[in-house]
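In what follows, a structure is listed as structure tokens, so that the remarks can point back to it.
Model, not experiment: these values are computed from the prediction. Protein chains get the first letters and strands the later ones, always in sequence-line order, with residue 1 at the start of each.
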Number of protein chains: 2
Amino acid sequence: MELSATAKVILGMLAARPRSGYEIKQLVDNSTRFFWAASYGQIYPELKRLAEAGLIEGSDASQGARQRTVHRLTAKGKRAVREWIESPPDVFELRDEGLLKLFFAGSADPGRAAEIARERAAHSAGIATRLTELAAERDSGAAEGPPFSVDQPSTTVLRYGIEMNEWIAGWFERAAQDLERGSAKPKGLAAAGRRK
Amino acid sequence: MELSATAKVILGMLAARPRSGYEIKQLVDNSTRFFWAASYGQIYPELKRLAEAGLIEGSDASQGARQRTVHRLTAKGKRAVREWIESPPDVFELRDEGLLKLFFAGSADPGRAAEIARERAAHSAGIATRLTELAAERDSGAAEGPPFSVDQPSTTVLRYGIEMNEWIAGWFERAAQDLERGSAKPKGLAAAGRRK
DNA sequence: TTAAGCATGTAAGGTGTTACATGATTGA
DNA sequence: TCAATCATGTAACACCTTACATGCTTAA
């Protein structure tokens, strides 16, 4: 049973407790969004497929005239999540436009390379700040939230986001300094165009 | 003029010098692949579109009966690359299955969380090693290669790949230690299922 | 009463990979 | 001669986002 990307996040979210499609979407946006996103256009059709495959089952939870279906894992579904969690991680994808620009800066716009690196650093620093605020907000308002669970972005994973962005900011900052100091030793970035 | 992801990498590659579609693909696989991939199924149609838009032009470079077209930037194309490089970086996408598994380990398979983190660490450590070997190989064989240019994976960018993977390995290693030591203070990872 | 949020879903369109199809050239 | 590599391209399919469509409920 090959699980699609969306199936993985749905099944994982349902492992803690049954939820509606809407709730799954909110949770994704609040937690895994930075490293594993999903949209309604993926979630609802995938819920249907998972039900057909017998991994989840829906039960009606309408309130009055507002329809609502909560989905829960079947025994087969629980087995599938466990198997997936056991299996070695494979997907790791990265798409970083700042890095691509830096890569080309040498041939397309040599003078600006350091500036580009600095902009990219600022961008990641900004994200780190936003995430730090979010974490602080979350920690202080903890009194009224539910107890720790997948319902809240895991502290550990949030910290990953913060620390990774800090690391990236630091790296690009150092790269900018290297580029400014040593225009003489271009490290492969500013040297294109020399060939012919 | 909105540039597609593939257009960006093609234009960037052509900024250094004219190349065939085949050469562009080889270069991508040798350099930007880790943070900006492209396949033939994207490259050839995109070359056609870019030519129609007047950003590049092809000239015949067939050798005997083997057809070959090299593409070069037009004045308009050069302007487009420069504009793109000037513009603030936006795309940053990450998809990390190991992190997702760790996120769910608490509710799906609590006992294995530390192990999962350790596997993920080993995976990134392995990539870092491979990249380090690649860099060493490249540095030693430098005598017979062409001089530095976009034709070779930039040292700076290669270093990024190495250092980032080392950072990731370190982070997951620390996470594994936290999980082993403090089963008592689960940091949001092993606590799901408590609600109800 | 009206806006915000809950809730489900589809259609269109873009992005991207894989596999296939074709054929030439080069070096072992 | 045979495999590897050069070289171009398409078709099928999967993936994913955005925008739209619909309608209920709750709180201001």
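Note: A/Leu73 CG to A/Leu55 CG = 8.5 Å, rounded to the nearest 0.5 Å. To the nearest 0.5 Å, the span separating NE2 on B/His123 from CZ on B/Phe172 amounts to 11.0 Å. Annotation: the span from B/Glu86 atom CD to B/Arg82 atom CZ amounts to 7.5 Å, rounded to 0.5 Å. The CG atom of B/Asn165 sits 4.5 Å away from atom CD1 of B/Ile127, with the distance rounded to the nearest 0.5 Å.
Taking the six-membered ring where tryptophan is involved, the planes of B/Tyr160 and A/Trp171 are perpendicular, since the angle between them exceeds 60° and thus also 30°. Taking the six-membered ring where tryptophan is involved, the planes of A/Phe35 and B/Phe103 are perpendicular, since the angle between them exceeds 60° and thus also 30°.
Side-chain atoms of A/Tyr22 lie closest to C/dT8 of the nucleotides C/dT17, D/dA7, C/dT8. Proximity note for A/Ala5 (side chain, C-beta onward) versus C/dG16, D/dC16, D/dA7: the nearest is D/dC16.
Scored by the side chain to side chain contact (heavy atoms under 4.5 Å, CB included) test, A/Glu119 finds A/Arg112, A/Glu115, B/Pro89 as partners (sequence neighbours excluded). Taking A/Arg66 as the reference, nothing meets the salt bridge (Lys or Arg N to Asp or Glu O under 4.0 Å) condition, with sequence neighbours excluded.
Taking the C1' atoms of five terminal pairs at each end of the helix from C/dT1-D/dA28 to C/dA28-D/dT1, the two resulting helix axes are inclined by 20°, rounded to 10°.
Nucleotide C/dG5 holds its P atom 16 Å from the CD atom of A/Glu23, rounded to whole Å. Taking atom NZ of B/Lys25 as the reference point, atom P of D/dT8 lies 14 Å away to the nearest angstrom. Atom P of nucleotide D/dT8 and atom CG of B/Asp60 are separated by 10 Å, given to the nearest angstrom. When rounded to the nearest whole Å, the span between CG of A/Leu3 and C1' of D/dC15 equals 15 Å. Rounded to whole Å, the distance from CG on B/Asp29 to P on C/dT18 is 11 Å. Residue B/Ile24 contributes atom CD1, which lies 14 Å from atom C1' of D/dG9 at whole-angstrom precision. Atom NZ in A/Lys8 sits about 16 Å away from atom P in D/dA14, given to the nearest Å. The separation between B/Arg68 atom CZ and C/dT26 atom P is 12 Å, rounded to whole Å.
Closest approach of A/Arg72 and A/Ser59 over heavy atoms only: NH2-OG, 3.3 Å. Residues A/Gly98 and A/Arg120 share a closest heavy-atom pair of CA-CD, 3.5 Å. Of all heavy-atom pairs spanning A/Ile162 and A/Ala135, the tightest one is CD1-CB, 4.3 Å.
The side-chain hydrogen bond (donor to acceptor under 3.5 Å, both in side chains) test with A/Glu46 singles out one residue from A/Arg49, A/Gln42, A/Lys48, and that residue is A/Arg49.
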Original post:
How would nucleotides 18-23 of chain D be written as a contact map, 5' to 3', with B for base contact, S for sugar-phosphate-only contact and - for no contact, using protein heavy atoms under 4.0 Å?
Top reply: B----B
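Near DNA chain D, defined here as any heavy-atom distance below 4.0 Å, the residues from residues 43-53 of chain B are B/Tyr44, B/Lys48, listed numerically. Heavy-atom distances under 4.0 Å link DNA chain D to B/Arg95 of residues 90-98 of chain B, given in residue order.
For B/Ser20, a side-chain nitrogen or oxygen approaches OP1 or OP2 of D/dT8 to under 4.0 Å. Taking 4.0 angstrom as the limit, A/Gln63 places a side-chain polar atom (N or O) nearer than this to OP1 or OP2 of C/dA7.
Grouping the Ile, Leu, Val, Met, Phe, Trp and Tyr side chains by contacts below 4.5 angstrom, directly or via other members, places B/Tyr40 with B/Ile24.
A salt bridge between B/Asp178 and B/Arg174 is absent, with no side-chain N of the basic residue lying under 4.0 Å from a carboxylate O of the acidic one.
Using a 4.0 Å heavy-atom cutoff across all strands shown, B/Thr69 reaches sugar-phosphate atoms only and no base atom.
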